[in-house]
Asker: 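Shown below is the structure under consideration.
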Amino acid sequence: MAKKTVEQIATDLNLSITTVRLVLNGKAEYYRISVKTQKKIQDYVDKYGYVINHTARSLKLNKTDTLGLVVPNLSNPFFSALAESLELSCRHKGYQLMICCTYNDPNYEIKLTSSLQARNVDGIFIVPANKDTEAKHLSSLDKPLVFLDRNHHQTTSAGVVSDNKGGGYLLTQSMLTKVKNPIVFFAGLETLAPVKERIEGYIQAIKECGDDKQIIVCHAKNDSVSDGELMISEYIEKYNDIPQNFIASSLPILEGVISLLHQRLGYIPEHINIGAFDEHLMLNFLSNNIWSIKQNDKLIAEKALYMMEQKIANNDYQSENIIVPVELVYRLKQPIKLN
DNA sequence: CCACGTTTGGAAACTTTAGA
DNA sequence: TCTAAAGTTTCCAAACGTGG
């Protein structure tokens, strides 16, 4: 069946385009279109259907009711959770969200954002790869921008991030109450602001504990499972031992670390104390003591969308950087009681 | 310079009402 | 009953950005 345009309906019913449009857009009451006419149009639509042409609408209105989201990837569960929360928030407010992945390629990130702009999205949420790409977006895009997850401290930018330093501090401090040996920090890419901040929190907590504990930070090339594996195999080679306590700066890194331990040993030693950034239900199924920092993706999404709406509504909206609190989740294994 | 399909402000066309 | 005013319903034409 050929799709019907407003014009087609108007022609077939001997009405004007405007009248049909008003009824279709629910403005019939306001413009007091007669019930007879309304019914005529309604019956026609019930029979043949009508799908609005958003391209034409956008052409006229110069807005698409579409927002863009640029994230590094969706395999990191934090980003998929964030994308999902944002998608739900957007849907709730009548926006369609276009989700794009950079796969950690800064050049591709630039291409994606300008491509979104070319498609006339009303605004773009970006998880920027680094300070340079963030600056580039700010200077070359003229759409409202809201940065997520990473704060590179640009004065003019709007952003929503988690309290990463606080999270690192909280996590380390809590582990220290239970742990004797040093805690190793397995970190993703060092240039990423959240990683840096989490390490700062870790170092501060260790310094404050006064036990003269060692600070050990290992860096991976990237925030990926394979680089996590590589990082711990280098650690094992260097220290000729597996770490007794460690913190992973992201879930992909954690996956890499425990996956390599599993490959090498055939199991994950239960005595290892694990600290993780980003919460995941599957952590329930490890037999270790586990502390994890849960980011509030829902709140991040809500704040970010609110900010975006402010920016869309008026150009001189005062940009701000919001820091969203995190939550510590722990799973301390109780010894099994027999009898 | 038109075509695409929609939105928009302004106005035409028609109907009802009030007053004489 | 007639007329003008008021109220109601519908329509017109231009514009949006880009490719052919």
Side-chain angles (χ1 to χ4, degrees), chain A residues 1-70 86-102 107-126 128 133 135-147 156-158 304-317 319:
Chain A
M1 178 172 57
K3 66 174 180 180
K4 298 294 179 181
T5 67
V6 173
E7 187 183 13
Q8 182 67 249
I9 298 173
T11 309
D12 288 359
L13 294 179
N14 264 315
L15 294 167
S16 79
I17 293 176
T18 309
T19 307
V20 175
R21 213 199 102 248
L22 291 174
V23 172
L24 256 28
N25 291 5
K27 303 278 178 59
E29 297 300 309
Y30 185 81
Y31 288 96
R32 291 164 296 215
I33 310 284
S34 69
V35 181
K36 205 174 70 186
T37 306
Q38 288 186 44
K39 180 154 171 34
K40 216 159 72 170
I41 295 169
Q42 194 52 56
D43 288 348
Y44 186 99
V45 170
D46 286 347
K47 190 168 176 193
Y48 299 106
Y50 168 70
V51 179
I52 189 171
N53 184 326
H54 257 277
T55 310
R57 182 175 189 271
S58 304
L59 182 61
K60 171 65 188 176
L61 296 181
N62 192 30
K63 65 165 188 161
T64 52
D65 293 332
T66 300
L67 296 172
L69 168 65
V70 178
L86 196 57
E87 201 276 339
L88 284 168
S89 298
C90 286
R91 179 193 300 189
H92 187 67
K93 294 289 181 91
Y95 285 105
Q96 179 109 17
L97 187 66
M98 290 183 76
I99 300 172
C100 318
C101 300
T102 67
N107 292 324
Y108 203 64
E109 180 180 316
I110 307 277
K111 281 196 191 127
L112 281 175
T113 50
S114 71
S115 164
L116 284 169
Q117 167 157 296
R119 278 157 213 274
N120 210 15
V121 296
D122 295 342
I124 311 177
F125 300 101
I126 312 173
T133 60
K136 173 88 175 152
H137 300 319
L138 283 168
S139 66
S140 64
L141 301 173
D142 62 1
K143 295 284 177 188
L145 304 179
V146 174
F147 293 97
T156 56
S157 67
L305 180 56
Y306 176 77
M307 233 192 240
M308 182 63 85
E309 287 186 301
Q310 299 303 307
K311 287 198 135 195
I312 290 172
N314 57 346
N315 290 328
D316 54 338
Y317 168 70
S319 291

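Convention: sequence-line order gives letters A, B, ...; per-chain numbering from 1. Since the model is a prediction, treat every value here as computed from it, not as a measurement.
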Asker: Between A:Lys47 and A:Asp43, is there a side-chain N and carboxylate O pair less than 4.0 Å apart?
Answerer: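 No.
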
Asker: Kindly indicate whether the side chain of A:Ile110, heavy atoms from C-beta on, has any atom under 4.5 Å from the side chain of A:His137.
Answerer: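 Yes, close enough: below the 4.5 Å cut-off.
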
Asker: What I'd like to find out is whether the side chain of A:Lys311 reaches to under 4.5 Å of the side chain of A:Ser319, using heavy atoms alone.
Answerer: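 SC-SC contact between A:Lys311 and A:Ser319 confirmed.
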
Asker: Taking the side chain as every heavy atom from C-beta outward, state whether A:Lys40 and A:Val23 have any atom pair closer than 4.5 Å.
Answerer: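 No, every pair of side-chain atoms sits at 4.5 Å or beyond.
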
Asker: Is A:Tyr50 near enough to B:dG5 that one of its side-chain N or O atoms lies under 4.0 angstrom from OP1 or OP2?
Answerer: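 No.
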
Asker: In this structure, how many angstroms lie between the C1' atom of C:dT10 and the CD1 atom of A:Ile41, rounded?
Answerer: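 After rounding, the reported distance stands at 10 Å.
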
Asker: Output the rounded distance in Å from CG (A:Leu22) to C1' (C:dC11).
Answerer: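 Distance check: A:Leu22 CG to C:dC11 C1' gives 10 Å.
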
Asker: Do the side chains of A:Thr64 and A:Gln96 get nearer than 4.5 Å, heavy atoms only?
Answerer: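 No, side chains not in contact.
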
Asker: If an axis is fit to five pairs at each end of the helix from B:dC1-C:dG20 to B:dA20-C:dT1, what is the angle between the two, to the nearest 10°?
Answerer: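 For the helix from B:dC1-C:dG20 to B:dA20-C:dT1, the axes at opposite ends meet at about 50°.
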
Asker: What salt bridge (Lys or Arg N to Asp or Glu O under 4.0 Å) pairs are there with at least one residue in residues 51-66 of chain A, not counting sequence neighbours?
Answerer: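 Non-adjacent pairs meeting salt bridge (Lys or Arg N to Asp or Glu O under 4.0 Å): A:Arg57-A:Asp65, A:Lys63-A:Asp65.
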
Asker: Is there a side-chain contact between A:Arg57 and the phosphate of B:dT7, meaning an N or O under 4.0 Å from OP1 or OP2?
Answerer: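 The answer is yes; a side-chain N or O of A:Arg57 sits under 4.0 Å from OP1 or OP2.
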
Asker: Within residues 116-123 of chain A, which residues have any heavy atom lying less than 4.0 Å from an atom of DNA chain B?
Answerer: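 When residues 116-123 of chain A is checked for heavy atoms under 4.0 Å from DNA chain B, there are no hits whatsoever.
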
Asker: Please tabulate, one pair per line, each protein N/O and nucleotide N/O from nucleotides 12-15 of chain B that are separated by under 3.5 Å, including the distance.
Answerer:
none

Asker: Looking at C:dT10, B:dT7, B:dT6, which one has an atom nearest to any side-chain atom of A:Thr19?
Answerer: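 That would be C:dT10.
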
Asker: Would you say A:Ile312 and A:Leu67 make side-chain contact, with heavy atoms under 4.5 Å?
Answerer: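 A side-chain contact under 4.5 Å exists here.
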
Asker: Give the rounded distance in Å between these two atoms: CG of A:Asn53 and P of B:dA3.
Answerer: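 Distance check: A:Asn53 CG to B:dA3 P gives 17 Å.
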
Asker: Protein within reach of the bases, or only the backbone? For nucleotides 12-20 of chain C, mark each nucleotide 5' to 3' as B, S or -, using heavy atoms under 4.0 Å.
Answerer: B--BBB---

Asker: Could you walk me through whether A:Tyr50 and A:Ile41 pass side chain to side chain contact (heavy atoms under 4.5 Å, CB included), step by step?
Answerer: CA-CA 11 Å; A:Tyr50 168 70; A:Ile41 295 169; over 6 Å; no

Asker: Write down the distance between CD1 (A:Ile52) and C1' (B:dC4), rounded to a whole number of angstrom.
Answerer: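 Between C1' of B:dC4 and CD1 of A:Ile52: 14 Å.
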
Asker: Run the salt bridge (charged side-chain N to carboxylate O under 4.0 Å, His left out) test against A:Arg119 and tell me which residues pass, sequence neighbours left out.
Answerer: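 Salt bridge (charged side-chain N to carboxylate O under 4.0 Å, His left out) list for A:Arg119, sorted by chain: empty.
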
